[in-house]
Amino acid sequence: MNFDDQLLHNETQHLSEAEWEPYEACPRIDKDVLDNQQLDDDVRKLQQEGNSNDASGLLDTFQPEVHINLHYVRVYYCGPQPGSNKTTRVSERPQLMQWRGEHFKCRVGFSFEASMPKSNWTVGLAQACDYIDLKNTFERGGSYCWEFQPLKTGLHSMVNDSNGTQWPFYSHKSSMIDLRSGSRIRPGFHELRFSDYFYPTMHWQAESEGFQYHLTNVIRRQGFKVWFIVIKRGPSNPMDGYITRYLQYRPSTDEPYVIKAMEWRYNIELNFDCLQPLGSRCTAIFDKQEEQPRVLNSIDPIPTSALVPPNCNACQSLIFYPTNRNHPLVLKKTPEDIVVPWNEWRSSMTSGRGYDRLLGFEQPQPLPNMYKCYPGDPKIPLRLLNLKHRPREPAPDPDFGVRTSVINRFQ
């Protein structure tokens, strides 16, 4: 994205510290908070209609292409504060600042028909990051960068973005449904959903070799793929997974079936002048999204890394790159999970950078969790499902606060 060609957004909509206070007193916006009450009412109505029908008699063996009806797939952006026309909010405090961007929302409506699974299945929404450029610049001192080693080095082409509890699904609360072998599936309507947004916090200053430098620029460019998938669990899939009671994806035994694929890419740049008083240090926000969330017309094979550990939060590292190469390259945050031994991780993140001195790259104790690396990131065999489309619609155009909406309606 070329920020020079963008219109300046929020130039006159920047929140001062005084304006921010009322919002701070409000309950924290949870990622699963729903933004469209009209659609919520419609969902509840469909659920009531579906639940009024009960399964009776002999049940067919569950087959997703036969016993799942897809009603809608919806992806869109909405503002960070209900009732506000501000796309990005900035909070300025004496020691640090925080910005919050638009929310990406994904909602999928479908229904089951009466059946009985002979294997364990999971229906859900999985998300993976395929690109990240996240840099906070401090004058001429240098930049802090958040990085994913598997992506940066090319070992993997994606990083799963689950919450680290049940790979590959985004959340166990609202974005997945487990179907247990031998348990009757009742007919009824369901909606899977999740919300993703950015709310980073950073200090106004960074220190390098005894010098203090002020924050001047923040850039975040990140890309994601989302899949609505059904996974048939292999017979040896343990119930406790890696560390939890949820089933985990096993590339060697599980069979994923892809129903729909989605994509969203978020770009934002913020400029700061720390010589200004609090409440007016953010001098420009470029947050116009040239690419809007979309449902893809075709589905590409999914790389293995998109569905397995580590997840984004666990494998990220924070490194300070000083402008003066005589100053040390500094690892400020060690990743919790890695896919290569620590010495190899350190070498891949420091070699060829032009820094003779390293700080913070010593082998940590305890060592990060070690997960399997997939050289070449083999693609998972593509199994596509062409589900029956039923003439149920979500609510009409979204209400105030939604920036962009892409809806697949099936007639």
Side-chain angles (χ1 to χ4, degrees), residues 3 8-33 35 77-105 129 132-139 141-148 161 163 194-207 212-222 224 264-289 312-314 316-320 332-333 401 403:
F3 287 103
L8 182 61
H9 280 240
N10 289 8
E11 185 176 20
T12 61
Q13 298 179 1
H14 174 68
L15 284 178
S16 67
E17 187 177 26
E19 291 175 292
W20 178 257
E21 292 297 337
Y23 293 119
E24 285 291 90
C26 296
R28 182 180 179 86
I29 299 175
D30 184 82
K31 288 193 173 186
D32 287 323
V33 170
D35 62 277
Y77 286 133
C78 70
Q81 177 63 40
S84 169
N85 61 354
K86 298 176 176 64
T87 303
T88 302
R89 302 189 321 188
V90 178
S91 172
E92 299 182 2
R93 301 295 184 183
Q95 301 300 323
L96 50 84
M97 60 79 61
Q98 180 187 65
W99 64 267
R100 296 188 186 187
E102 288 183 292
H103 294 210
F104 166 77
K105 299 275 187 175
C129 174
I132 183 172
D133 177 16
L134 207 172
K135 181 167 60 176
N136 304 325
T137 301
F138 293 82
E139 297 180 299
S143 300
Y144 274 108
C145 296
W146 289 97
E147 298 173 322
F148 302 151
D161 194 25
N163 63 7
F194 74 87
S195 173
D196 199 0
Y197 63 102
F198 308 116
Y199 48 98
T201 300
M202 61 205 69
H203 289 276
W204 290 115
Q205 294 181 323
E207 188 271 339
Q212 296 288 334
Y213 300 95
H214 292 104
L215 177 69
T216 53
N217 180 261
V218 172
I219 289 178
R220 183 165 196 152
R221 303 184 180 100
Q222 203 161 357
F224 298 91
W264 65 289
R265 299 188 177 279
Y266 198 78
N267 297 275
I268 187 170
E269 181 175 6
L270 304 93
N271 293 333
F272 294 91
D273 181 358
C274 290
L275 298 181
Q276 300 300 317
L278 286 175
S280 57
R281 291 183 176 180
C282 183
T283 59
I285 301 176
F286 304 91
D287 58 2
K288 181 180 179 181
Q289 302 306 311
C312 290
N313 286 341
Q316 65 184 351
S317 59
L318 178 61
I319 299 178
F320 182 71
K332 295 294 290 186
K333 182 188 180 299
R403 308 299 178 185

Here the gap from His203 atom NE2 to Gln212 atom CD, rounded to the nearest 0.5 Å, amounts to 11.0 Å

Do the side chains of Glu207 and Gln205 get nearer than 4.5 Å, heavy atoms only?
no

Is the side chain of Arg100 donor-acceptor paired with the backbone N or O of Tyr199 at a distance under 3.5 Å, no angle test?
no

State the CG-CZ distance between Asp196 and Phe104, to the nearest 0.5 angstrom.
8.0 Å

Do Val218 and Phe272 make a side-chain contact, defined as non-hydrogen atoms from C-beta onward lying under 4.5 Å apart?
yes

Would Arg89 and Trp99 count as a cation-pi pair here, with the cationic atom under 6.0 angstrom from the ring centre and within 45° of the axis?
no

Contact summary for Lys105 and Cys78, nearest pair of heavy atoms
CE-SG, 3.7 Å

Closest contact, heavy atoms only, Pro277 versus Glu92
O-OE1, 4.1 Å

Closest heavy-atom contact between Trp204 and Pro94?
CD1-O, 3.4 Å

Anything under 30° is parallel, anything over 60° is perpendicular, the rest tilted; go ahead and classify Tyr266 against Trp264.
perpendicular

Assess the residue pair Ser91 and Met97 against the criterion (side chain to side chain contact (heavy atoms under 4.5 Å, CB included)); give the C-alpha distance rounded to whole Å, side-chain angles, the decisive distance to 0.1 Å, and a yes or no.
CA-CA 6 Å; Ser91 172; Met97 60 79 61; over 6 Å; no

Would you mind telling me which of Gln222, Arg221, Arg220 makes a side-chain hydrogen bond (donor to acceptor under 3.5 Å, both in side chains) with Asp133?
Arg221

Which atom pair, heavy atoms only, marks the closest approach of Phe320 to Gly142?
CE1-C, 3.8 Å

Could you check Thr283, Thr137, Asn217 and say which one makes a side-chain hydrogen bond (donor to acceptor under 3.5 Å, both in side chains) with Asn271?
Asn217

At their closest point, which heavy atom of Cys282 faces which heavy atom of Val90, and how far apart are they?
SG-CG2, 4.1 Å

Apply side chain to side chain contact (heavy atoms under 4.5 Å, CB included) to the pair Leu270 and Asp287, showing each step before the final yes or no.
CA-CA 8 Å; Leu270 304 93; Asp287 58 2; over 6 Å; no

Any chance you could measure Ser143, atom OG, to Leu134, atom CG, to the nearest 0.5 Å?
11.0 Å

What is the distance from atom CZ of Arg93 to atom OG1 of Thr201, rounded to the nearest 0.5 Å?
10.5 Å

What pair of heavy atoms forms the shortest contact from Lys333 to Gln316, and how long is it?
NZ-O, 3.7 Å

Using the ring of each side chain (for Trp, its six-membered ring), is His103 parallel, tilted or perpendicular to Tyr197, with breaks at 30° and 60°?
parallel

CG-CG distance between Asn313 and Asn163, expressed to the nearest 0.5 angstrom:
9.0 Å

Test side chain to side chain contact (heavy atoms under 4.5 Å, CB included) on Phe148 and Cys129; report intermediate values, then the result.
CA-CA 10 Å; Phe148 302 151; Cys129 174; 3.9 Å; yes

Steps toward side chain to side chain contact (heavy atoms under 4.5 Å, CB included) verdict (Gln289, Glu102):
CA-CA 10 Å; Gln289 302 306 311; Glu102 288 183 292; 3.8 Å; yes

How many angstroms lie between CG in Asn136 and SG in Cys145, if you round to the nearest 0.5 Å?
8.0 Å

Neighbour count >12 (heavy atoms, 6.0 Å) for atom NZ, Lys332:
no

